[in-house]
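Scope of the values below: all heavy atoms of this structure, side chains included, with no hydrogens, waters or symmetry mates. Fair warning: this is a prediction, and the values are worked out from it, not measured in the lab.
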Amino acid sequence: MTVITDHTSASPPSTCAHLLLHPTAAVSMRARMLASGSALFCLWAAPALAETAPNAAYLHLPHTQPATQQSVPATSPTTTPVAGTRITITPASATQPPQAGFWDNSRLLPPLTSRPEAYGQPQSLELKPLPTSLLHQGPWGVFNANTGAAAGFGTVGYYAVSRWAEDWSSLRDKRNRLDIMDSLKYIPFNTNGDIYLTLSGNFRQHNFYDQRAGFGATKKDPAYRNNYRWNVGGDLHLGEHVRLYGELMSGQAAGVNYYGYAGGRWRSRLDAQQAFVEVRGRVLNATVGGMAGRMTFLDAPPYFTAGSVYPSIPYSWNGLRGYAFWKNFRIDGFYLTLTNNAPSAMFHDQVGWNSRLFGAYTSYAVPSFKFMGRNSQIFVDTFYLGTILSNSPLPSLGGGSIAGSTHRDTPGTRIWGNAGPLEFSIGAMWQGGEFRAAKSGPTRPVSAYAIDATLSWRFAKWPGHPAIGIQVDDVSGGNMHKGQTSSWGSFLSPFVPSAYYLDMSTYIGQSNIIDVGPIATIAPTPNTTLLLKVPAVWRNSREDAIYASGTAFYAYRPHGAYTATMPQASFTWRATRHITFSLDGEYIFASHSMIEAGASSGAFVQSNLELTF
């Protein structure tokens, strides 16, 4: 059996004002844009509409509610707010600087590290303090460090991976409004302004070129694929303690000599991607909340899951989630089932019971400190992730598979952050549980592990502020030669790690691998960033298959352990706060033993255009 990879990773940013203000026209215009290339017009025409108060950010007025604020001088950037409080940074001067042109004023663009797809990249924590006119993060105190990923809701910058994680309440003060679209981000319904609606939307278009897709396993040479999706969301706040969030999403896919569009996540009619109620309050000096309904979930290391968004429709979950934030500690508990979006009819997605994710995640923020003259912040995470999959085959000799289901229990820890110029993430997980063969077949115990580490040195005074380092991963594999009642040793990451963590092509998954290679990030200009890496990959166990994802593997059965070397680069241009363009490239140099087993080397190229409000 040949199983091909399911492309997946993470996303938001970008959009033309006319498309946003006229959503019906937007759908047809966007469709024409894909065919005609009018996206270029958007890129150059949008600046005139996107920025209406280019110097307003100099007010440095984040949340300006008079009730629970404390004032902090603008000269105190290292002050860490307590979770649940608001910070007002008093302007040093009421006089605004001279007007600046749009393309010259890069200080008004959100930091590129807030790009949601950067979720799997090394996460620098030392950014200069920014006003909430540029960062719309919630009241999570120290857990908002940099991209806010430490809070457990994915990256949250100007926009977020999960749009409900954004906090636009600062727009209650009109001086914080920078953009023509701000009128849609805060729509009050009472005089106090605590009952309000935030609207959001996104259009994303992906293009893929696979010279030898899946090491040539698809027999589609070359494959040209493209997909697009659009979604709109509404976040209704009913006072301080209750809010309702809903999001509609639709996606389509096409191409030439394409493959892999089965299952409902590449082609999906309009449906409810998210719909939940959240209740929040203060209990035992903590900000405590509960969520019930359909939602996205990203409270896991990016090498375990990152939302799976290469397909048109990313993962969404159904169930319960509760959290609590103290000053330096947070805890998150959850029981979720994966949405079944296979039904093709509109508004027919189902609460699926075949795939489940449950557990708890905790994070401790070590008190911030200075090292080598630089602000430093380290997080110590401990967690338990439980998974149940009704369809999780194991590979067998001869290229076949053994059908069955699995239950995995995964306790783990992750220490990450920065100590001065040193930026790092070191994680370890052990995995137990069992595999049950189909049709009342034998049960096999599971014992597996994963160790994932990145280490970089930030040259803050060099042009482009590069971070140069190394990435190492050691993820255990199984043994197909053992009997069907013996222990199985292959680690399972079933919900697709970030494509930007190891392999942008997603030809190789986080199972049965050892990889090592250099990694570098650099910002050539204030609104561009470049990620470079060259991982070399081996099989951890020669007696196990090569995996495209946790539940998909190839029929190739090479003799050697060395699998491939995969130099890759990702370039991102944030043209405006509504428009982001990225271009990713990779070449997969298959090993000699892989080629002897029938595999091929080949190139992978991806472009991504996002229009967001």
Side-chain angles (χ1 to χ4, degrees), residues 9-10 118-125 143 145-155 297-308 329-332 334 357 359-366 376-387 408-419 422-433 446-457 467 469-477 489-503 508-517 519 521 533 535 537 540 547 549-550:
S9 164
Y119 181 55
Q121 296 181 18
Q123 296 166 1
S124 167
L125 299 184
F143 295 99
N146 189 24
T147 62
F153 305 121
T155 54
F297 181 81
L298 290 169
D299 201 2
Y303 43 80
F304 187 85
T305 185
S308 181
F329 180 78
R330 72 170 181 90
I331 185 169
D332 186 5
F334 45 90
L357 176 64
Y361 201 101
T362 72
S363 183
Y364 172 69
V366 176
S376 304
Q377 181 66 65
I378 295 174
F379 296 95
V380 180
D381 300 351
T382 57
F383 53 86
Y384 162 76
L385 301 171
T387 57
R408 301 291 179 102
D409 298 301
T410 310
T413 186
R414 181 188 182 205
I415 302 174
W416 62 291
N418 80 298
L422 187 65
E423 300 171 4
F424 62 91
S425 170
I426 303 172
M429 295 178 282
W430 177 83
Q431 194 168 79
V446 171
S447 180
Y449 69 88
I451 300 172
D452 305 273
T454 58
L455 183 68
S456 298
W457 189 276
I470 190 171
Q471 176 175 334
V472 179
D473 300 282
D474 180 4
V475 185
S476 66
S490 186
F491 189 88
L492 177 65
S493 294
F495 304 121
V496 189
S498 167
Y500 290 86
Y501 180 76
L502 174 64
D503 174 22
I508 293 181
Q510 287 286 106
S511 295
N512 190 33
I513 60 168
I514 295 175
D515 67 83
V516 61
I519 182 170
T521 58
K533 56 169 62 178
V537 181
N540 188 306
Y547 289 78
S549 69

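- When all heavy atoms are compared, the tightest approach of Leu298 to Gly307 is CD2-N, 3.5 Å.
- Proximity of Val537 to Ile514: side-chain heavy atoms (C-beta onward) are nowhere separated by under 4.5 Å.
- A 4.5 Å side-chain heavy-atom check between Trp416 and Glu423 finds every atom pair outside the cut-off.
- The nearest pair of heavy atoms linking Leu385 to Ala300 is CD1-CB, 4.3 Å.
- The minimum heavy-atom distance between Ser456 and Ala467, with the atom names listed, is CB-CB, 4.1 Å.
- For the pair Asp503 (side chain) and Ile508 (backbone), a donor-acceptor distance under 3.5 Å is present.
- A donor-acceptor contact shorter than 3.5 Å is absent between the side chain of Gln377 and the backbone of Gly417.
- Side chain to side chain, Tyr364 and Asp381 fail the donor-acceptor criterion of an N or O pair below 3.5 Å.
- A donor-acceptor pair under 3.5 Å links the side-chain atoms of Ser511 to the main chain of Phe491, judged by distance alone.
- Ring geometry for Phe334 against Phe297 counts as tilted: the plane angle lies between 30° and 60°, on a 0 to 90° scale.
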Intermediate values then yes/no, side chain to side chain donor-acceptor pair (under 3.5 Å), Thr362 and Thr382:
CA-CA 5 Å; Thr362 72; Thr382 57; 2.5 Å; yes

Working for side chain to side chain contact (heavy atoms under 4.5 Å, CB included), residues Leu502 and Ile513:
CA-CA 11 Å; Leu502 174 64; Ile513 60 168; 3.6 Å; yes

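- Counting only distance, with no hydrogens or angles, the side chain of Thr305 and the backbone of Phe495 share a donor-acceptor pair below 3.5 Å.
- Tyr303 and Gln510 get closest at one heavy-atom pair: O-CG, 3.8 Å.
- A 4.5 Å side-chain heavy-atom check between Asn540 and Val475 finds every atom pair outside the cut-off.
- In this structure, CD1 on Ile378 lies 8.5 Å from CD1 on Ile415, to the nearest 0.5 angstrom.
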Side chain to side chain contact (heavy atoms under 4.5 Å, CB included) between Val380 and Val366, worked out
CA-CA 7 Å; Val380 180; Val366 176; 4.1 Å; yes

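- Side chain to side chain, Gln471 and Asp452 fail the donor-acceptor criterion of an N or O pair below 3.5 Å.
- Looking only at side-chain heavy atoms (C-beta outward), Trp457 and Leu422 come within less than 4.5 Å of each other.
- In this structure, the side chains of Trp430 and Asp409 stay at 4.5 Å or more apart for every pair of heavy atoms.
- Here OH of Tyr361 is found 6.0 Å from CG of Asp299. Values are rounded to the nearest 0.5 Å.
- For the atom pair Leu492 CG and Tyr547 OH, the distance stands at 8.5 Å (nearest 0.5 Å).
- Taking each heavy atom of Gln431 and Thr410 in turn, the nearest pair found is NE2-OG1, 2.9 Å.
- Looking only at side-chain heavy atoms (C-beta outward), Phe304 and Pro494 come within less than 4.5 Å of each other.
- The closest side-chain heavy-atom distance from Phe143 to Ser363 is below 4.5 Å.
- Remark: Lys533 NZ to Tyr500 OH distance equals 10.5 Å, nearest 0.5 Å.
- Of all non-hydrogen atoms in Asp473 and Ala453, the two that sit nearest each other are OD1-N, 4.0 Å.
- The closest side-chain heavy-atom distance from Arg414 to Ser425 is below 4.5 Å.
- The backbone N or O of Ala150 lies less than 3.5 Å from a partner atom in the side chain of Arg330, making a donor-acceptor pair.
- With Ser476 contributing its side chain and Tyr449 its backbone, the two residues share a donor-acceptor pair below 3.5 Å.
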